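Predicted model only: the values in this text are computed from it and were never measured.
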Amino acid sequence: SNNDDEWTFLNDVACEFWGKSLKELLRSSFGDYIHPDDVDKTAAAVTKMKKTKKVLKGFVNRQKTSGGWRIVEWNASPLFDESGESVGMQATGRDITERKQTEEILEKREAFNFALFQYNPAETIIVDLEGKIVRSNQAKKISGDRLPNIGDVMYKDYAAKYDIDMNANLMNCIKTKKVMKFPELKYSDNYVTITISPFSEGAIIISENITERKNVELTL
């Protein structure tokens with residue numbers, strides 16, 4: 001396009017994308033198809049590109065097409081005449097609408113999963129494939145127990161010792177990909193239930209303090 005944003009050349013793919021003939025497109029300009037909310041940022045990016053004479057990479061805006069609004073990623077470079085004066089720009093675009101929609105879905109899913117983990121009332125710890133702690137949730141942080149340090153090896157560096165080798169059980173669980181449940185374990189003056197659930201990156205360890213219930217049972 002030239003400095004007035006009028007098209008000077010478009011290929012067949014571009015015509016197909018906008019759903020117009022080459023003749024129709026040459027009677028319009030690049031700015032005619034930009035989403036109103038993206039006009040200012042696009043103009044600023046193009047102005048900066050021409051001023052700095054640097055290639056514009058990965059710039060994203062929305063374009064009006066016959067099929068509705070599409071998200072396009074642009075790579076553009078300024079064009080200059082022999083005297084160094086700007087005469088326009090050349091650009092290649094890639095339709096990334098589906099990719100962006102997928103990214104948004106994944107981001108929402110990640111946010112939802114994080115909320116489930118972080119605000120789950122059950123004390124939860126995530127370990128990697130070597131049994132090292134990578135994350136713990138809010139319930140664990142307010143439980144009053146000493147918080148695990150990132151990188152601690154669960155049941156070796158952090159947890160109290162049990163009559164059974166919990167670290168060996170954890171590593172076996174990660175290796176076999178089988179869920180392991182311990183319905184009752186004595187932990188200092190407390191009784192807890194522990195569930196170890198393996199996944200591709202390690203394991204999720206969920207514990208529940210059942211001391212009050214256990215004391216009632218013992219009293220009865």
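Residues D165 and N169 share a closest heavy-atom pair of O-ND2, 2.8 Å. Contact between F199 and V127 at its shortest, heavy atoms only, is CE2-O, 4.4 Å. Of all heavy-atom pairs between I174 and P198, the closest is CA-CB, 4.3 Å. Residue L170 comes nearest to A203 through the heavy atom pair CD1-CB, 4.2 Å, listed as atom of the first residue, atom of the second, then distance. Residues I196 and C173 approach most closely at CG2-SG, 3.3 Å, considering heavy atoms. Minimum heavy-atom separation, S136 to Q118: O-OE1, 4.1 Å.
K100 and E103 are joined by a salt bridge, as a carboxylate oxygen and a charged side-chain nitrogen come within less than 4.0 angstrom of each other. Between E85 and K50 there is no salt bridge, since no side-chain N of the basic residue sits under 4.0 Å from a carboxylate O of the acidic one.
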### Task
Could you walk me through whether F182 and I164 pass side chain to side chain contact (heavy atoms under 4.5 Å, CB included), step by step?
CA-CA 11 Å; F182 302 87; I164 57 177; 3.6 Å; yes
#### Entry: V134 and E201: CA distance, side-chain angles, deciding distance, side chain to side chain contact (heavy atoms under 4.5 Å, CB included) verdict
CA-CA 11 Å; V134 295; E201 301 299 322; over 6 Å; no
### Task
Just do the side chain to side chain contact (heavy atoms under 4.5 Å, CB included) check on Q63 and W69 with the steps written out, would you?
CA-CA 5 Å; Q63 295 284 317; W69 292 104; 5.5 Å; no
### Task
Begin from the C-alpha positions of D37 and R62 and carry the test side chain to side chain contact (heavy atoms under 4.5 Å, CB included) through to its verdict.
CA-CA 9 Å; D37 293 343; R62 288 163 290 180; 3.4 Å; yes
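Within a 6.0 Å radius of NZ in K177, more than 12 heavy atoms belonging to other residues, nucleotides or ligands are found. The environment of NZ in K186 is crowded: more than 12 heavy-atom neighbours from other residues, nucleotides or ligands sit within 6.0 Å. Within a 6.0 Å sphere centred on NZ of K41, heavy atoms belonging to other residues, nucleotides or ligands number more than 12. With a 6.0 Å radius and a threshold of 12 heavy atoms from other residues, nucleotides or ligands, E24 has its CD atom above the threshold. Crowding of D12 atom CG: a count of heavy atoms from other residues, nucleotides or ligands under 6.0 Å not exceeding 12. Counted within 6.0 Å of CD on E212, heavy atoms from surrounding residues, nucleotides or ligands total 12 or fewer; the atom is thus considered open.
By the 4.5 Å heavy-atom criterion applied to side chains, D32 and D5 are not counted as neighbours. Within the 4.5 Å cutoff, the side chain of H35 has no heavy atoms near those of the R70 side chain.
Linking Ile, Leu, Val, Met, Phe, Trp and Tyr residues whenever their side-chain heavy atoms come within less than 4.5 Å leaves I206 and M166 in two separate clusters. By the criterion of side-chain heavy atoms lying less than 4.5 angstrom apart, applied directly or through intervening Ile, Leu, Val, Met, Phe, Trp or Tyr residues, M180 is grouped together with Y155 in one hydrophobic cluster. Hydrophobic cluster membership differs between W74 and L79, with clusters built from Ile, Leu, Val, Met, Phe, Trp and Tyr side chains linked at under 4.5 angstrom. In the hydrophobic cluster analysis, where Ile, Leu, Val, Met, Phe, Trp and Tyr join through side-chain heavy atoms closer than 4.5 angstrom, W18 is grouped together with F59. Cluster annotation: V87 and V46 are assigned to distinct hydrophobic clusters (Ile/Leu/Val/Met/Phe/Trp/Tyr, side-chain heavy-atom contacts under 4.5 Å, transitive).
With hydrogens and angles disregarded, no donor-acceptor distance shorter than 3.5 Å links the side chain of S197 to the backbone of V179. In this structure, S83 contributes its side chain and D81 its backbone to no donor-acceptor pair below 3.5 Å. Judged by distance alone, with hydrogens and angles left aside, the side-chain atoms of N75 form no donor-acceptor pair with the main-chain N or O of G93 at under 3.5 Å. Counting only distance, with no hydrogens or angles, the side chain of D38 and the backbone of I34 share no donor-acceptor pair below 3.5 Å.
Scored by the side chain to side chain donor-acceptor pair (under 3.5 Å) test, E73 finds R94 as partners (sequence neighbours excluded).
R27 contributes atom CZ, which lies 9.5 Å from atom NZ of K20 (distance to the nearest 0.5 angstrom). Residue L25 holds its CG atom at 5.5 Å from CG of L10, rounded to the nearest 0.5 Å. Between atom CE of residue M89 and atom CG of residue L56 there is a gap of 8.5 Å, rounded to the nearest 0.5 Å. Taking OG from S207 and CD1 from I125, the interatomic distance works out to 6.5 Å, rounded to the nearest 0.5 Å. Here the CG-CZ distance, from N137 to F114, works out to 9.5 Å after rounding to the nearest 0.5 Å. Rounding to the nearest 0.5 Å places CE of M171 at 11.0 Å from OG1 of T176.
The aromatic rings of Y33 and W7 lie tilted to each other, with the angle between the two planes from 30° to 60°.
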Without placing hydrogens or testing angles, list every side-chain donor-acceptor pair under 3.5 Å for residues 213-220, not counting sequence neighbours.
from: K214; atom 1: NZ; to: E184; atom 2: OE1; distance (Å): 3.2
from: K214; atom 1: NZ; to: E184; atom 2: OE2; distance (Å): 3.0
from: N215; atom 1: ND2; to: T211; atom 2: O; distance (Å): 3.4
from: T219; atom 1: OG1; to: N215; atom 2: O; distance (Å): 2.8

